[in-house]
Amino acid sequence: MKVAYLGPQGSFSEEAAFRYFTSDDVEWYKSDSIVDVLEAVWEGKADKGIVPIENSIEGTINITADGLLTYDLFVEAELIFPVSLHLLTLKGASLEDVREVWSIVPALAQCRDFIREAKVKSKQFDSTSAAAQAVKNQERKDVAAIASQYAAEVFDLQITKSGIQDCSNNHTRFVVISKEPVLQREDRTKTMMLISPTEDYSGVLSSILNVFTALSINLSWIESRPTKKQLGTYHFFIETQNGLHEEKMTKAIAILEAYGHDVRVLGSYNTTKL
């Protein structure tokens, strides 16, 4: 089985992939972007892919949501991955040596308080792992990377200060995608669907949500993305805390379609905490 994930080496996506897919027969397909992961699965270059879809601080990963609009793929699992950010330096460096920190924009934003209190400059990189590798390669004690413990191990760096993110309850949600649907299994506890209204009218979203309210279906995620056809028209991602096999879900889909909405089921799955 070939699994695509977002590189480079030492990234959170790589760590999540390695922790979830533990079989010895896995062949890894490292990709340069989220879109590349989705395309690899769609084109059959990989059997499965793993991509981030939401962060508890930064919100929805729009590139992933838009990719699910573009490619006919299915979600077969979701993974909740705790994100802990650390200050990585060359071995032997101290906190007082650091004058500049390097990382990807979201990681720098999540450590804003630390950066301000330490009175250091910041520099943007394409990923946390790219920043960690740059610290290692440049062999400078006055710079540090904001990255994971995993990145510290991969690049043989020292964790000079741990847990420097502003919010301790920081998690990223990943989804495992494939080209083949696995929808009707009775052990599934969540369902993701894409609802596209065929007609735009006042209260269209309210009418959709009222269907789930009437059937006592709890929603765990709602996200809108533009249709790119006309300003103010949207697709709606809806995630329910019910499996597709449940009768109330069958009723909800039937009612939504009767209202004239296009309903595409993206997956029915369980949650794994890494």
Side-chain angles (χ1 to χ4, degrees), residues 5-6 10-22 34 50-65 68 75-89 95 98 101-120 122 124-132 144-154 157-177 188-192 212 217-225 237-242 267 269-274:
Y5 69 90
L6 174 64
S11 67
F12 283 109
S13 291
E14 181 180 74
E15 183 178 1
F18 287 3
R19 288 171 65 175
Y20 182 74
F21 292 99
T22 58
I34 290 174
I50 179 170
V51 287
I53 195 169
E54 185 182 17
N55 178 264
S56 58
I57 297 175
E58 297 298 311
T60 297
I61 312 297
N62 290 331
I63 296 175
T64 300
L68 291 175
V75 177
E76 64 174 51
E78 75 163 0
L79 321 175
I80 306 300
F81 185 86
V83 176
S84 186
L85 295 168
H86 311 292
L87 192 73
L88 310 187
T89 66
L95 185 59
V98 177
V101 293
W102 298 347
S103 198
I104 194 171
V105 172
L108 293 171
Q110 291 168 32
C111 300
R112 190 176 291 110
D113 289 347
F114 168 80
I115 294 172
R116 184 178 63 253
E117 292 170 4
K119 298 179 180 179
V120 295
S122 62
Q124 300 174 8
F125 277 72
D126 291 336
S127 66
T128 55
S129 51
I146 295 177
S148 66
Q149 179 179 338
Y150 177 69
E153 295 168 357
V154 167
L157 294 172
Q158 168 184 295
I159 297 180
T160 298
K161 188 172 179 61
S162 61
I164 63 172
Q165 67 271 13
D166 300 342
C167 179
S168 59
N169 189 24
N170 188 5
H171 293 80
T172 293
R173 181 162 72 118
F174 290 84
V175 289
V176 177
I177 57 170
R188 304 304 189 186
T189 59
K190 301 181 81 171
T191 301
M192 184 186 296
F212 297 104
I217 297 173
N218 193 38
L219 306 183
S220 51
W221 184 56
I222 304 171
E223 183 64 39
S224 63
R225 297 300 298 153
F237 286 94
I238 302 287
E239 183 184 64
T240 71
Q241 293 187 323
N242 295 87
Y269 45 86
N270 292 327
T271 301
T272 298
K273 293 184 179 181
L274 298 178

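Each residue takes its place number in the sequence, starting with 1. Note that these values count all heavy atoms, side chains included, but never hydrogens, waters or copies made by symmetry.
- Atoms NZ and CD1, on K273 and I80 in that order, are 7.5 Å from each other to the nearest 0.5 Å.
- Annotation: side chain of I238 is not in contact with side chain of W221 (no heavy-atom distance under 4.5 Å).
- The CD1 atom of I50 sits 6.0 Å away from the CZ atom of F21 when rounded to the nearest 0.5 Å.
- Side chains of S127 and S129: a donor-acceptor N/O pair is present below 3.5 angstrom, by distance only.
- Between the side chain of S56 and the main chain of H171, a donor-acceptor pair closer than 3.5 Å is present.
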Verdict with supporting geometry, W102 and Q124, side chain to side chain contact (heavy atoms under 4.5 Å, CB included): CA-CA 6 Å; W102 298 347; Q124 300 174 8; over 6 Å; no
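- In this structure, E78 contributes its side chain and T271 its backbone to no donor-acceptor pair below 3.5 Å.
- The closest donor-acceptor contact from the side chain of T64 to the backbone of P52 lies under 3.5 Å.
- Taking each heavy atom of L87 and I164 in turn, the nearest pair found is N-CD1, 4.0 Å.
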Working for side-chain hydrogen bond (donor to acceptor under 3.5 Å, both in side chains), residues S220 and E239: CA-CA 6 Å; S220 51; E239 183 184 64; 2.6 Å; yes
Step-by-step side chain to side chain contact (heavy atoms under 4.5 Å, CB included) determination, E76 to Y269: CA-CA 5 Å; E76 64 174 51; Y269 45 86; 5.6 Å; no
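- Put simply, the side chain of S148 never gets that close to the backbone of F12: no donor and acceptor are under 3.5 Å apart.
- Nearest heavy atoms, I61 versus E54: CG1-N, 3.6 Å.
- With T272 contributing its side chain and A77 its backbone, the two residues share no donor-acceptor pair below 3.5 Å.
- Residue S224 holds its OG atom at 10.0 Å from CZ of F237, rounded to the nearest 0.5 Å.
- In this model, no donor atom of one side chain and acceptor atom of the other lie less than 3.5 Å apart for E15 and Y5.
- Side-chain contact check for T191 versus N242: every heavy-atom pair is 4.5 Å or farther apart.
- For N55, the side chain to side chain donor-acceptor pair (under 3.5 Å) partners two or more places apart in sequence, or in a different chain, are N170, T172.
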Check against side chain to side chain contact (heavy atoms under 4.5 Å, CB included), R225 and N62: CA-CA 8 Å; R225 297 300 298 153; N62 290 331; 3.4 Å; yes
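- At least one side-chain heavy atom of V120 sits less than 4.5 Å from a side-chain heavy atom of I115.
- At a threshold of 4.5 Å between non-hydrogen side-chain atoms, the residues V51 and V175 count as touching.
- Side-chain atoms of S103 come within 3.5 Å of backbone atoms of I146 as a donor-acceptor pair (strictly under, hydrogens ignored).
- L88 has its side chain out of reach of T160: every pair of non-hydrogen atoms, C-beta onward, lies at least 4.5 Å apart.
- Within 6.0 Å of CG in D126 there are 12 or fewer heavy atoms belonging to other residues, nucleotides or ligands.
- Separating the CG atom in L85 from the CD atom in Q165 is a distance of 5.0 Å, to the nearest 0.5 Å.
- In this structure, the side chain of D113 does not engage the main chain of D166 through any donor-acceptor pair within 3.5 Å.
- Interatomic distance, S84 OG to Q149 CD, rounded to the nearest 0.5 Å: 8.0 Å.
- The 12-atom threshold is exceeded at CD of E153, counting heavy atoms of other residues, nucleotides or ligands nearer than 6.0 Å.
- Separation of atoms CD1 (I53) and CD1 (I63) is listed at 12.5 Å; rounding is to 0.5 Å.
- Salt bridge annotation for R112-E117: absent, with no cationic side-chain nitrogen under 4.0 angstrom from a carboxylate oxygen.
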Side chain to side chain contact (heavy atoms under 4.5 Å, CB included) assessment of V176 paired with V75: CA-CA 6 Å; V176 177; V75 177; over 6 Å; no
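- Between F174 and F81, the ring planes are perpendicular. Angles over 60° get that label, and only those under 30° would be called parallel.
- When all heavy atoms of T22 and R19 are compared, the pair lying nearest together is CG2-O, 3.5 Å.
- A donor-acceptor pair shorter than 3.5 Å can be found between the side chains of T60 and E223.
- When all heavy atoms of A132 and A147 are compared, the closest pair comes out as CB-CB, 4.4 Å.
- Here the side chains of F212 and L219 are in contact, with some heavy-atom distance below 4.5 Å.
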